[in-house]
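Have a look at the structure below before the remarks.
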Amino acid sequence: MTIALTLALGACAPQPAESDSLERFTGQTLTFGSCDGYATTAADEKLFAGQECARMLVPLDYDAPDGPTGEIAMLRVPARGASLGPLLLNSGGPGGTGMNFAVQTAANLAGSPITERFDLVGFDPRGVGASRPALDCFTDAQTDTAAEFITTAGRYTEANTRAIAEGCATLSGGAQVLGAVGSRDTARDMDVLRAVLGQEKLSFLGQSYGTRIGALYAEQFPAHVRALVLDGAVDPQLGFAERRLGTFAAFQTAFDALAADCATKPDCPLGADPTRVFQETVRPLVDRPLTGADGRKAGFNDVVGLVIALLYDSAAWPATVSIISGLRDGDPAPYFGVVDLLGSGAEGNFIDATIGINCIDNERLTPAQAVALRERIWAAAPFMDPGTGAEGARDSCEAWPVAPDPAFPYPAKVEGVAPTLTVSITGDTTTPHSGGISLAKTLGGGLLTVDGYGHTIVATGKNACVDAAVAAYLIDLRLPAADARCTR
């Protein structure tokens, strides 16, 4: 199992000037038709059946718009009633596909005023999913191993970073492609899409990493913003290392909350020192994975990755406790039961795109900084510490053939942008609540605080308080009260 970590934040250049050289892109006509040929996974084949899709031409390099081009793939779910226009969607990652997110959001919000009044348009950012060129870094046989480096448990070595960079360059089409997937360019693609869809202003819902590209859009095109909903916000004022550290500290907080809940129930396997007990349970798996009845292996990275994924939702905590209890008894059956229930992990090019986009968006660490960060991570989240030490850790993008473009932090305040709405859960397990407060302040917009644990909530359709507040904002542009709170 793997989880996506939204741990990087690009920053913004001054608003790009309109150029006649972009007219062939902004003036193109989209033709929505069958989604045949758009799906990149078996699951998406089913999701896309009967939907309508299109591709939009964009320059691969906005500084050379007459050069090579790419295509942004999108899926549209028409409004159920009188449409106010398109609502662009991004689910995060950064390797997540927006196309399947549109279908899932339409189902989750089937009775919502949002799906009644907006055409949902989910797009795959450059480098992702059905967009072209898509990042490709690993053969099928390498993908499972590569997945470890997207979880909190993975540790890059010098050899890892070199192999990943070489594989990405070879399979994706060279360094030009690897340098063209940054979030700043994705925000520019969003403005081309706004124009192509015939909109003077953009309405956008971004979750997790999607809050980064939403904020980048606000910085570069403030006059083109109608409404931005930013759910599970990445802090625009922190660099890569501090954001990563904050995420892992949030995982420990969620683990501690799970342990406290477990302690109120009979037969809790975590005892009086939950972190120590968990370490004693999973550290042996580093060298001696448990084998399931069908021959599958449950190693340290597998188990920790799944536990972290289950920490996202307190409703999944009983299953987590069951897994830990089974592993303490040498029985991996509860672990594999949850794996099978959830289905496969990241598919398509999620892992490839996450690595590639982060390599452009993040500032690079020296080897000494990478070791120091790893040591700080284990100190902040000791339940995840494999006990193997931090020596030899390297920046995942150390060998990337293109220089990063992080340029952080964002300006202290974005000027001239319409009111935005940031939604932040107090016990967010990936993007800490402090980041939501920071982003709302940076944009000068509203903040809806949600008490509880989890990561992102707007597109689930499971919280009437959140649903009502977001619908009122998107439809009527009415922000909730300054002290507004919901409970997860």
Side-chain angles (χ1 to χ4, degrees), residues 4 25 28-60 68-78 86-107 119-140 143 150 168 171-173 176-178 180-183 185-190 192-194 196-197 204-210 213 343-358 360 459:
F25 302 105
Q28 66 188 290
T29 300
L30 286 184
T31 301
F32 283 90
S34 169
C35 291
D36 290 349
Y38 281 81
T40 58
T41 70
D44 284 350
E45 285 280 1
K46 297 178 180 179
L47 278 178
F48 293 0
Q51 304 293 340
E52 52 185 47
C53 295
R55 283 193 170 93
M56 178 184 74
L57 200 68
V58 294
L60 198 62
T69 59
E71 294 179 340
I72 303 301
M74 67 197 76
L75 182 150
R76 180 176 65 184
V77 181
L87 175 65
L88 266 61
L89 304 174
N90 181 272
S91 61
T97 164
M99 295 178 68
N100 63 28
F101 185 48
V103 181
Q104 293 164 350
T105 300
D119 304 316
L120 304 185
V121 178
F123 68 100
D124 288 359
R126 49 176 57 212
V128 174
S131 289
R132 300 169 179 167
L135 288 174
D136 186 4
C137 301
F138 308 102
T139 64
D140 291 343
T143 299
I150 304 300
C168 289
L171 298 173
S172 301
Q176 183 179 28
V177 173
L178 301 190
V181 295
S183 296
D185 283 336
T186 291
R188 299 196 70 174
D189 294 340
M190 289 166 56
V192 173
L193 181 53
R194 171 201 61 77
V196 169
L197 291 173
F204 174 75
L205 164 60
Q207 295 190 306
S208 196
Y209 160 80
I213 57 175
S344 58
E347 295 182 358
N349 78 329
F350 175 90
I351 296 168
D352 316 67
T354 296
I355 290 173
I357 294 169
N358 280 338
I360 298 300

Steps toward side chain to side chain contact (heavy atoms under 4.5 Å, CB included) verdict (Asp352, Cys168): CA-CA 8 Å; Asp352 316 67; Cys168 289; 5.7 Å; no
Start with the C-alpha gap between Thr354 and Tyr209, add the side-chain angles, then the distance that decides, and say whether side chain to side chain donor-acceptor pair (under 3.5 Å) holds. CA-CA 10 Å; Thr354 296; Tyr209 160 80; over 6 Å; no
Output, in order, the C-alpha distance, side-chain angles, deciding distance and verdict of side chain to side chain contact (heavy atoms under 4.5 Å, CB included) for Gln207 and Phe101. CA-CA 10 Å; Gln207 295 190 306; Phe101 185 48; 3.1 Å; yes
Working for side chain to side chain contact (heavy atoms under 4.5 Å, CB included), residues Ile72 and Leu193: CA-CA 9 Å; Ile72 303 301; Leu193 181 53; 5.7 Å; no
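Expressed to the nearest 0.5 Å, how far CG of Leu30 lies from CD of Glu52 amounts to 11.0 Å. Within the model, atoms CG of Leu57 and OG1 of Thr69 stand 4.5 Å from one another, a figure rounded to the nearest 0.5 Å. Note that the CD1 atom of Ile355 and the CG atom of Leu178 stand 11.5 Å from one another [nearest 0.5 Å]. Within the model, atoms CZ of Phe48 and SG of Cys53 stand 6.0 Å from one another, a figure rounded to the nearest 0.5 Å. Atoms CG and CG, from Leu88 and Leu197 in turn, are 6.5 Å apart once rounded to the nearest 0.5 Å. From Asp119, atom CG reaches atom CG of Leu87 across 9.5 Å, with rounding to the nearest 0.5 Å.
Between Ala102 and Val77 the shortest heavy-atom distance is O-CG2, 4.0 Å. When all heavy atoms of Val121 and Pro86 are compared, the pair lying nearest together is CG2-CB, 3.9 Å. Between Tyr38 and Ala130 the shortest heavy-atom distance is O-CB, 3.2 Å. In terms of heavy atoms, Ala180 sits closest to Asp185 at O-OD2, 4.3 Å. Residue Val128 comes nearest to Pro94 through the heavy atom pair CG2-O, 3.9 Å, listed as atom of the first residue, atom of the second, then distance. Taking all atoms of both residues into account, the shortest heavy-atom contact from Gly95 to Ala353 is CA-CB, 3.8 Å.
The stretch residues 40-49 participates, sequence neighbours left out, in no salt bridge (charged side-chain N to carboxylate O under 4.0 Å, His left out) pair at all. The list of side-chain hydrogen bond (donor to acceptor under 3.5 Å, both in side chains) pairs with a residue in residues 125-138, not counting sequence neighbours, reads Glu71-Arg132, Arg126-Asp189.
Take Gln51 and apply the side-chain hydrogen bond (donor to acceptor under 3.5 Å, both in side chains) test, not counting sequence neighbours, and it matches no residue. Partners of Ser34 under the side-chain hydrogen bond (donor to acceptor under 3.5 Å, both in side chains) rule, at least two apart in sequence or in another chain, are Asp36. Under the side-chain hydrogen bond (donor to acceptor under 3.5 Å, both in side chains) criterion, Arg55 pairs with no residue at all, not counting sequence neighbours. Partners of Gln28 according to the side-chain hydrogen bond (donor to acceptor under 3.5 Å, both in side chains) rule, which considers only residues two or more places apart in sequence or in another chain, do not exist here.
A distance-only check finds no donor-acceptor pair linking the side chain of Asp124 to the backbone of Thr97 [under 3.5 Å]. Asn90 places no side-chain N or O within 3.5 Å of a backbone atom of Phe123 that could act as its donor or acceptor partner. In this structure, Asn349 contributes its side chain and Leu135 its backbone to a donor-acceptor pair below 3.5 Å.
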